[in-house]
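Residues take their numbers from the sequence shown, with the count starting at 1. As the structure is a prediction and not an experimental result, all values here were calculated from the model.
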Amino acid sequence: MSFKYLSLIALTLSVLACTNTKNEADVVGVYKPSSKNCLGNSYEKSSCEEIKLIEITKGNFYKIEDHEYAFVIWSGESNLNYNARKLDGLRSTTQLPLKLFIENSENFIESVEFISAKNGKYEFGNPSSLSTINFVKADLKDLNKYTKDYPGNN
């Protein structure tokens, strides 16, 4: 085999390997619910129904360092409140699909799963009655509907 032919094979294999790997920019962003299945008691159902946006970002929130990822739930009416928690397991390069557990105990499960770079699923609640929110990347029109007050903006 010629050097030219071997180089072409190596290049093709490199490109194929890279197409299956997504980096952090693919999942960092703001998402909107595309469908909801809210279960549990009345408080849990209400909390689920009020979720307007889901955000994955670096830093910005209490007890989350600049190099760490935050999982943020934005809920309310037009002026949204947030609940932010550290999201362990997300790396600068990761392969999708990817499921990360925020909490995984006998009585409560909370997880986020990225099916692709633009959509995923958030599940939470008692393992016997998990609420599920399917989400897709939000666009500017979706974001303009709400006011999000980040920490330090007040």
Side-chain angles (χ1 to χ4, degrees), residues 15-154:
V15 168
L16 289 174
C18 290
T19 58
N20 290 330
T21 303
K22 308 292 182 184
N23 66 30
E24 69 186 49
D26 288 330
V27 295
V28 170
V30 181
Y31 300 85
K32 67 177 181 177
S34 58
S35 67
K36 295 180 183 180
N37 183 23
C38 299
L39 302 174
N41 62 37
S42 59
Y43 173 77
E44 291 165 339
K45 286 180 183 179
S46 174
S47 297
C48 175
E49 290 296 335
E50 287 186 8
I51 294 174
K52 302 294 190 252
L53 299 170
I54 295 170
E55 183 173 8
I56 307 297
T57 185
K58 266 192 169 181
N60 291 336
F61 293 92
Y62 180 66
K63 291 191 176 183
I64 299 172
E65 302 292 324
D66 289 343
H67 65 279
E68 297 174 320
Y69 290 92
F71 176 78
V72 187
I73 296 294
W74 294 93
S75 59
E77 292 305 316
S78 60
N79 193 11
L80 302 180
N81 299 309
Y82 67 87
N83 182 352
R85 288 169 316 286
K86 188 165 81 168
L87 183 61
D88 289 324
L90 193 58
R91 303 288 179 250
S92 60
T93 57
T94 189
Q95 190 167 348
L96 299 178
L98 173 68
K99 184 170 188 172
L100 301 171
F101 285 91
I102 300 159
E103 187 171 332
N104 190 7
S105 69
E106 188 176 310
N107 298 321
F108 189 81
I109 293 175
E110 186 176 19
S111 67
V112 61
E113 181 176 7
F114 295 96
I115 312 305
S116 75
K118 295 184 180 183
N119 66 11
K121 177 172 56 173
Y122 171 53
E123 293 180 312
F124 61 96
N126 185 295
S128 64
S129 59
L130 284 177
S131 291
T132 302
I133 298 177
N134 293 303
F135 57 80
V136 296
K137 277 268 188 173
D139 58 28
L140 193 55
K141 182 180 81 171
D142 300 316
L143 299 178
N144 286 336
K145 293 179 188 176
Y146 306 107
T147 302
K148 298 186 314 178
D149 289 326
Y150 285 91
N153 286 354
N154 303 343

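- Among pairs with a residue in residues 26-61, those fulfilling disulfide (SG to SG under 2.5 Å) read C38-C48, at least two apart in sequence or across chains.
- With rounding to the nearest 0.5 angstrom, the CG atom of L87 is 5.0 Å from the CG atom of L100.
- Between I54 and V30, every side-chain heavy-atom pair lies at or beyond the 4.5 Å cut-off.
- The side chain to side chain contact (heavy atoms under 4.5 Å, CB included) test applied to N107 returns no partner, not counting sequence neighbours.
- With rounding to the nearest 0.5 angstrom, the CD1 atom of I133 is 3.5 Å from the CD1 atom of I51.
- Once rounded to the nearest 0.5 Å, the distance linking CD of E55 with CG of L80 reads 10.5 Å.
- Annotation: side-chain hydrogen bond (donor to acceptor under 3.5 Å, both in side chains) contacts of D142 (sequence neighbours excluded): K32.
- Put simply, the side chain of K148 does not reach to within 4.5 Å of the side chain of V72, judged on heavy atoms.
- Among residues two or more places apart in sequence or in another chain, the ring-ring contact (aromatic ring centres under 6.0 Å, His included) test is passed with Y146 by none.
- Annotation for G59 and A70: closest pair O-CB, 4.0 Å, computed over non-hydrogen atoms.
- Residues that satisfy the salt bridge (Lys or Arg N to Asp or Glu O under 4.0 Å) test with K99, not counting sequence neighbours, are E123.
- Heavy atoms only, all atoms of each residue included: E49 and K52 are closest at O-NZ, 4.0 Å.
- Remark: the backbone N or O of N134 is paired with a side-chain donor or acceptor of S34 at under 3.5 angstrom.
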If you apply the rule side chain to side chain contact (heavy atoms under 4.5 Å, CB included), what do you find for E110 with F71, and how did you get there? CA-CA 11 Å; E110 186 176 19; F71 176 78; 4.3 Å; yes

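- A search for side chain to side chain contact (heavy atoms under 4.5 Å, CB included) contacts involving I109 returns F101, N104, P127, L130, not counting sequence neighbours.
- Taking a 6.0 Å sphere around CG of N144, one finds it holds more than 12 heavy atoms contributed by other residues, nucleotides or ligands.
- Between Y122 and Y31, a ring centre-to-centre spacing not shorter than 6.0 Å is recorded.
- Taking CD of E103 as the start and CZ of R85 as the end, the distance is 8.5 Å to the nearest 0.5 Å.
- Note that OH of Y69 and CG of D88 are 12.0 Å apart. Values are rounded to the nearest 0.5 Å.
- With rounding to the nearest 0.5 angstrom, the CG atom of L98 is 8.0 Å from the CD atom of E113.
- Of all non-hydrogen atoms in L96 and V27, the two that sit nearest each other are CD2-CG1, 4.2 Å.
- Listed by first and then second residue, the disulfide (SG to SG under 2.5 Å) pairs involving residues 52-88 amount to none (not counting sequence neighbours).
- Legend: residues meeting side-chain hydrogen bond (donor to acceptor under 3.5 Å, both in side chains) with N126, ordered by chain and number and at least two apart, are S128.
- For the side-chain hydrogen bond (donor to acceptor under 3.5 Å, both in side chains) test, residues two or more places apart in sequence or in another chain that qualify with N119 are S116.
- Of the N and O atoms on the side chains of T147 and N79, not one donor lies less than 3.5 Å from an acceptor on the other residue.
- Proximity of V112 to F135: side-chain heavy atoms (C-beta onward) are separated by under 4.5 Å at one or more points.
- Screening residues 33-43 for salt bridge (charged side-chain N to carboxylate O under 4.0 Å, His left out), with sequence neighbours left out, gives no hits.
- In this structure, the side-chain hydrogen bond (donor to acceptor under 3.5 Å, both in side chains) partners of K86, at least two apart in sequence or on a different chain, are E68.
- Scanning for side chain to side chain contact (heavy atoms under 4.5 Å, CB included) contacts around Y43 gives N41, S47, with sequence neighbours left out.
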